[in-house]
Amino acid sequence: MAGIPDYFGSLVFDERVMKARLSANVYHSLKQTIRRGERLDPGVAEAVAAAMRDWAVEKGATHFTHWFQPMTNVTAEKHDSFISPAPDGGVIMEFSGKELIQGEPDASSFPSGGLRATFEARGYTAWDPTSYAFLKGKTLCIPTAFCAYGGEALDQKTPLLRSMEAINKQAMRVLKLFGNENVSHVTTSVGPEQEYFLVDRSVFEKRCDLIYTGRTLFGAKPPKGQELDDHYFGSIKPRVQAYMEELNEELWKLGIYAKTEHNEVAPAQHELAPIYTTTNLATDQNQLTMEIMQKVAARHGLVCLLHEKPFAGVNGSGKHNNWSLATDTGVNLLSPGETPYENAQFLLFLVAVIQAVDDYQELLRASVATAGNDHRLGGNEAPPAVVSIFLGDELTAILESLESGTPYSAAEKTTVKLGVHALPRFARDMTDRNRTSPFAFTGNKFEFRMVGSSQSIATVNTILNTAVAESLRQYADELEGAEDFNTALHTLIQRVIAAHKRIIFNGNGYDEAWIHEATEQRGLSDLRTTPDCVPHLVKKKSIELLTRHKVFTENELRSRYEIMLENYSKTVMIEATTMADMARREILPAVASFAADTAERAVKKMSLVPVLKCTYETDLVEHLTELTNCIADKTAALERAMLAVRETAESVNEAFTIRDIVLPRMAELRAVCDEAEAITSSSYWPFPTYGELLFSVK
Ligand code: ADP
Ligand code: MG
């Protein structure tokens, strides 16, 4: 069997292939484009296209596609074949520079939030040379950005690339002030840890809710859930092991550094973490990872559930977004340095993130707002809906000492002064084992834990990058004009700590007392649901931020606002419809026939032995009948609520109506159905139970 190094990245048109197949000039010019974002010369595009085609065709490819990420959280592709008629009646394989650079998919069926009138259905895709092309089956996939004809972004990738440029620009200004002459570029990196559930395909297929919505809409608690904490890091079952092995291989072939895998807290829940990489590449790779997770699962008779909350009462799935920024000279700007000067620089970047998260907490919260994630944030395992930062006691103490000018610790008796004292070395491992914080500093990176498992990581990183770019912009403005850099720096950092320390919280984020303190005393936002969050996208403050850094135009933001609300409303309405359907066509008939059969059996028994009382049967029939009546009522109530929504016009009102009228009716219907499940003979229950789902994979 071939070793990993032999096949790693074998499906990617990566550095190695480029070096081997492009002329030195073409390679150099492409690298410049990639590194500096310079315009690609048409001649270079032609040469790259030819090399890509030859490489792909040698590997059996017949088609190519512009692979892009519309506002649906999944990727889209339209395949074109390479073939072109030859004069002699045969075919030649063709792929031009123009086809590489730009495509024109019919964009009319992708969400645009009103940006693209239906008569102007055209959109175009533009090659993103900073992300490698790769092979999927027989198709050469070219990562692209997707725009409307007027140039407005219709995808998740374009704003992300713009935000990377924004943070690069501002971070470079700050780095200049610290005398970093040899740095020419700053990039953000991300390592997204992906959680998921695996269930057996045959069990999955019996549940319409899983099929249509990705989550269970009904289901009584199983006798055994995650109470025993015996699943986390537990030994991996053979079938899951086989799945993970094949998944890793597929990811490695695509050049994705899948690194760790383990069981998660809930039964049937697992996690995969790749090694971090540049944000846009990490985003593309995470999209591919989610796709391949599902494909490989199918080959193993499994289904991979990426929903944020597939099971009520069981931990949901997130995607921990580990984020840092580094220079092209290899310095992680969030890593405490060795010298006092490096430490001053580190502290400035650290407070830039603190300020960004405080200033734009609502926008960050909004960037992870989806119907699915609403079930998770504020639940028992996920971070709460209140955004706060965990820094750890040591770093917090350092900041406090800096702010107040008092000694950092009793033992040291020194105050921390920038540019004079080194930061006390802090032990890496002590930093973070706080699983309850939404935004935790973990030694040399921040981990944003609110991201939902099925979401693209593009938008959260777009917001994060831009918010930090804004802090840095303010600092650069102030410090560039300073008479004495060190004094100005010290004053600035002190001021920022004082102004933004309310966002720092090292305690237990699940604690009710914290939510109270956060909202009542610290004035932090507690945005519980998507309709609460989305309006923040178009608040003046957000528009100013995102337009100033040229990440979104106001129109683009308004379109995203519409799309997010629309996605929310559609998602919940599909769930509601599925629920009503399952209640009417599966649950009610099942419970009613169980009641009727039980009654019939009791009558039979009593006619055979007239002295019998049959209280078990009569009580049961009575209870079942009460429940079926109640289920029928609740179903009707849900259906009426759905009708009320259809009469609401404005998208934001629609979302609120859905949240306030439909979701509560769904919860009520579920409660009675789950109660009925608990007393209905398992041979009558129409679909697999939680127990069967969660323990379906041996
Ligand atoms: P933990 O055990 O705290 O979750 P790991 O070392 O396992 O931390 O890393 C988790 C994820 O964070 C991995 O995807 C890893 O590649 C990523 N990561 C590590 N360092 C950085 C960094 N400097 N920037 C971004 N992501 C990082
Ligand atoms: Mg982690």
Side-chain angles (χ1 to χ4, degrees), residues 8 160 163-164 167-168 171 185-196 232-233 244 247-248 251-252 254-265 269-290 293 315 317-337 342 345-346 349-350 352-353 356-357 381-383 389-392 394-395 426-451 453 455-458 460-462 464-465 468 506 509:
F8 187 87
L160 177 66
S163 75
M164 290 173 72
I167 197 169
N168 167 48
H185 205 93
V186 171
T187 40
T188 53
S189 300
V190 166
E193 300 167 61
Q194 176 75 49
E195 291 181 331
Y196 61 99
Y232 191 55
F233 280 29
M244 287 178 171
L247 175 62
N248 282 339
L251 295 175
W252 290 334
L254 283 162
I256 299 172
Y257 294 91
K259 173 89 173 155
T260 46
E261 53 193 31
H262 60 79
N263 288 350
E264 262 300 331
V265 178
Q269 194 186 26
H270 311 282
E271 181 190 286
L272 180 139
I275 296 175
Y276 69 97
T277 180
T278 325
T279 310
N280 66 321
L281 203 57
T283 303
D284 285 359
Q285 294 192 338
N286 181 250
Q287 291 300 126
L288 267 178
T289 300
M290 291 195 285
M293 280 178 156
N315 275 4
S317 300
K319 182 138 55 188
H320 294 173
N321 190 80
N322 294 275
W323 180 94
S324 68
L325 72 172
T327 66
D328 58 344
T329 51
V331 177
N332 178 350
L333 297 168
L334 293 177
S335 202
E342 282 171 3
Q345 185 179 297
F346 159 71
F349 279 97
L350 184 78
V353 179
V357 174
E381 83 288 355
I389 296 182
F390 172 90
L391 278 188
E394 196 157 0
L395 206 46
F426 54 86
R428 279 284 148 79
D429 281 349
M430 64 108 223
T431 39
D432 176 42
R433 284 303 146 208
N434 180 331
R435 289 174 62 90
T436 67
S437 177
F439 206 98
F441 184 68
T442 51
N444 61 355
K445 62 186 188 288
F446 277 97
E447 182 169 345
F448 186 39
R449 301 197 175 116
M450 289 175 119
V451 188
S453 48
Q455 253 190 301
S456 158
I457 56 171
V460 289
N461 287 295
T462 302
L464 188 54
N465 291 346
V468 177
N506 293 328

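As the structure lists them, so they are numbered: ligands from 1, and atoms in each ligand from 1. Every heavy atom of this structure was used, including side-chain atoms; hydrogens, water molecules and symmetry mates were not.
In summary, the atoms of ligand 1 found under 4.0 Å from a heavy atom of I275, numbered by their order in the structure, are 16 (O). Here is the list of ligand 1 atoms found below 4.0 Å of a heavy atom in E193: 4 (O), 10 (C), 11 (C). Remark: ligand 1 atoms within the under-4.0 Å shell around heavy atoms of S324 are 22 (C), 23 (N), 24 (N), 25 (C). Heavy-atom proximity to G191, at under 4.0 Å, picks out these atoms of ligand 1: 14 (O), 26 (N). Using a 4.0 Å cut-off to heavy atoms of S189, the atoms of ligand 1 that qualify are 25 (C).
Judged purely by distance below 3.5 Å, without hydrogens or angles, the side chains of T188 and T279 pair a donor atom with an acceptor atom.
Taking all atoms of both residues into account, the shortest heavy-atom contact from Q285 to G255 is NE2-O, 3.5 Å. Closest approach of L160 to N280, counting heavy atoms only: CD2-CA, 3.8 Å. Shown here for S453 and S317, the closest heavy-atom pair between the two residues is OG-O, 3.1 Å. The shortest non-hydrogen separation linking N465 to M164 is ND2-CG, 3.7 Å. Listed here is the closest heavy atom pair of A352 and V468: CB-CG1, 4.4 Å.
When heavy-atom distances to ligand 1 are checked against a 4.0 Å cut-off, N332 comes that close only through its side chain, counted from C-beta outward. Contacts of K259 with ligand 1, taken as heavy-atom pairs under 4.0 Å, are absent altogether.
Under the side-chain contact (heavy atoms from CB on, under 4.5 Å) test applied with P192, the options T283, T277, L272, I457 reduce to a single match, I457.
The shortest N or O to N or O distance between T442 and ligand 1 is not below 3.5 Å. In terms of polar-atom proximity, defined here as any N/O pair under 3.5 Å, N322 does make such a contact with ligand 1. The shortest N/O to N/O separation between P274 and ligand 1 falls below 3.5 Å.
Remark: side-chain polar atoms of N168 are paired, donor with acceptor, to backbone N or O of V186 under 3.5 angstrom.
Among E271, R449, K445, the residue whose heavy atom sits closest to atom 5 (P) of ligand 1 is K445. With Y257, Y276, W323, F446 as candidates, the residue nearest to atom 27 (C) of ligand 1 on a non-hydrogen basis is Y276.
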